[in-house]
There are 2 protein chains.
Amino acid sequence: MILAMKTPNATHTASPQRQREIIMAALACFTEKGFPATSIADICKKAGASTGSVYHHFKSKGRLAAAIYLEGIRDYQTGMIDALSGQASPREGIFALVHYHLMWVKKNPEWARFLFQKRHAEYMDDTEDDMKQLNAAFIRTVAGWFQTHIQAGKIRPLPRDLLIALLLGPCQEYSRQYVSGHAATDVEEAAGVMAAAAWAALGMDV
Amino acid sequence: MILAMKTPNATHTASPQRQREIIMAALACFTEKGFPATSIADICKKAGASTGSVYHHFKSKGRLAAAIYLEGIRDYQTGMIDALSGQASPREGIFALVHYHLMWVKKNPEWARFLFQKRHAEYMDDTEDDMKQLNAAFIRTVAGWFQTHIQAGKIRPLPRDLLIALLLGPCQEYSRQYVSGHAATDVEEAAGVMAAAAWAALGMDV
DNA sequence: ACTTGACTATAATTAAATTCTAAAATATGA
DNA sequence: TCATATTTTAGAATTTAATTATAGTCAAGT
């Protein structure tokens, strides 16, 4: 009865919520103004938090950005792996990857903008290890899937770097255009064309 | 016939060698440590110049990086356009683009690292207009070339964004791996595979 | 030799990230 | 319920690095 009435936990939020607020505010600022142009003060203002709070939850501005990047890329990559493992034939697998990539971009435009518009990679210094491990694991999984189908004679025996380049390169370039507002073609049509092209480049059957 | 005594076009002609030294020093620092981690002091030390000198030649750290980016991308893009216009048939044109892209990366590894490793785009705020104009002109030229061959029935009638994605996406993804040290395949072989794939995706003949 | 203006060097200034200190909230346990 | 420990928050103080201001050098033209 002393001071409990003062804070009915709507004004003062508990920690995990506050962390979430900071992340979402930072994501919004970063996609809107870019990483270097947003100050900690900007993020604080949008999140309704103080600098101390921000620095309690994240070691630095760079690590905050990296946390956002990692959360996004983790969701994207696990989805990609799921999409892949759900398919039996190599053709279906390739189609699933291309389609999932583009659907993810369409469904998560703000995250995609952050991940694919080349607006990261400056603060990666802080997190290179996390990042590299995550990406390496993803590439390894996809490459492993390719390997089994290569051995079965269903996929062309190309080295891993070319497989990745031919499969994901077009997706990423289209995504970059899409999140920058330079893509005229809608996502579904793009997915169809690029999946067909990927299969033509990588597949071995009719 | 006696006109202006002063230098006609330039407002103030910067000492070219010192400017060059600053650019090369900055390029080395940026590719080595990344843009945000290199301080003006780092660049000064490597160039043997003073901060005043740097700021005399470039308005800001961002503009210095942008100048480097623009110089590199200009060289790359003019070379691409030349490679394209030197070829008559659409097939040769596509092969020439892919090969030139990869040869440029191989010949200019430091510039390529700066341009293709996603380590730019943070300082672009300063220069977006220059950058956008340059890229738009490049894309327009390439797309125009495609258009004539599409009308001749030699290239598939795909929208510009997909043409670019299918042609340059794989090149850029391979380049990214190459400059990061993650490409196992050598450039020549990659060029052959990716040119063939691009032609398979875009061409209409046998 | 002197003036001019581009160029350079060093010393302020400023802006923004990070750290520090302590208060407030929340959880824990008798 | 209360006391205490831990987590979270706030805002001021500090630090770091970019930028600007000031002053000086050098080369060419008069």
Side-chain angles (χ1 to χ4, degrees), chain A residues 1-26 29-30 32-68 122-127, chain B residues 2-26 29-30 33-68 122-127:
Chain A
M1 64 159 145
I2 306 169
L3 38 76
M5 75 253 308
K6 210 173 177 182
T7 63
N9 86 358
T11 47
H12 285 283
T13 47
S15 175
Q17 284 95 26
R18 175 46 59 93
Q19 189 165 340
R20 197 86 223 130
E21 286 166 1
I22 293 170
I23 283 184
M24 297 315 286
C29 291
F30 291 158
E32 186 189 340
K33 321 170 62 175
F35 174 76
T38 70
S39 67
I40 299 294
D42 291 334
I43 297 166
C44 291
K45 193 178 151 199
K46 178 158 287 188
S50 66
T51 66
S53 189
V54 168
Y55 277 91
H56 171 74
H57 289 286
F58 303 96
K59 240 195 292 292
S60 70
K61 186 185 171 188
R63 281 214 179 272
L64 168 55
I68 297 173
E122 286 302 340
Y123 36 82
M124 276 205 192
D125 297 344
D126 285 347
T127 321
Chain B
I2 298 163
L3 300 177
M5 289 307 181
K6 294 176 68 175
T7 48
N9 47 2
T11 51
H12 55 284
T13 335
S15 110
Q17 33 309 9
R18 176 45 60 93
Q19 189 166 344
R20 197 86 222 130
E21 284 165 1
I22 292 170
I23 283 184
M24 297 314 287
C29 290
F30 291 158
K33 321 170 61 175
F35 174 75
T38 69
S39 67
I40 300 293
D42 292 334
I43 297 167
C44 292
K45 193 178 152 199
K46 178 157 284 187
S50 65
T51 67
S53 189
V54 169
Y55 276 92
H56 172 74
H57 289 285
F58 303 96
K59 240 195 291 294
S60 70
K61 187 184 170 189
R63 280 214 178 272
L64 168 54
I68 297 173
E122 285 304 338
Y123 36 82
M124 274 206 193
D125 297 344
D126 285 348
T127 322

Phe58(A) has an atom CZ; how far is it from atom C1' of dA17(C), in whole Å?
-> 16 Å
Looking at Arg18(A) and Ala49(A), what are the two nearest heavy atoms and their distance?
-> NH1-CB, 3.3 Å
Whole-Å distance separating the CZ atom of Arg63(B) from the C1' atom of dA18(D) = 16 Å
Any His57(A) side-chain nitrogen or oxygen under 4.0 Å from OP1 or OP2 of dT7(D) = no
Under-4.0 Å side-chain N/O to phosphate OP1/OP2 contact, Arg18(B) with dA9(C) = yes
Spacing of Lys46(A) atom NZ and Met24(A) atom CE [to the nearest 0.5 Å] | 11.0 Å
What pair of heavy atoms forms the shortest contact from Ile68(B) to Ala26(B), and how long is it?
-> CD1-CB, 3.7 Å
How close do Ile22(B) and Ile43(B) get, heavy atom to heavy atom, and via which atoms?
-> O-CG2, 4.1 Å
note: Lys33(B), atom NZ; dA17(D), atom P; distance rounded to Å ~ 10 Å
Could you tell me the separation between the CD1 atom of Ile22(B) and the P atom of dT8(C), rounded to a whole number of Å?
-> 7 Å
Residues of residues 38-53 of chain B with any non-hydrogen atom less than 4.0 angstrom from an atom of DNA chain C: list those, numerically ordered, please.
-> Ala49(B), Ser50(B), Thr51(B), Gly52(B), Ser53(B)
How long is the gap from OG on Ser53(B) to CD on Gln19(B), to the nearest 0.5 Å?
-> 9.5 Å
Rounded to whole angstroms, how far apart are CZ on Phe35(A) and C1' on dA17(C)?
-> 10 Å
Does NZ or CZ of Lys61(A) fall inside the cone over Phe35(A)'s six-membered ring, less than 6.0 Å from its centre and within 45° of the axis?
-> yes
Below 4.0 angstrom from OP1 or OP2 of dC7(C), is there any side-chain N or O of His56(B)?
-> yes
Looking only at dA9(C), dT19(D), dT18(C), the nucleotide nearest the Lys61(A) side chain is dT18(C)
So which nucleotide from dT20(D), dT19(C), dT8(C) ends up closest to the side chain of Tyr55(A)?
-> dT19(C)
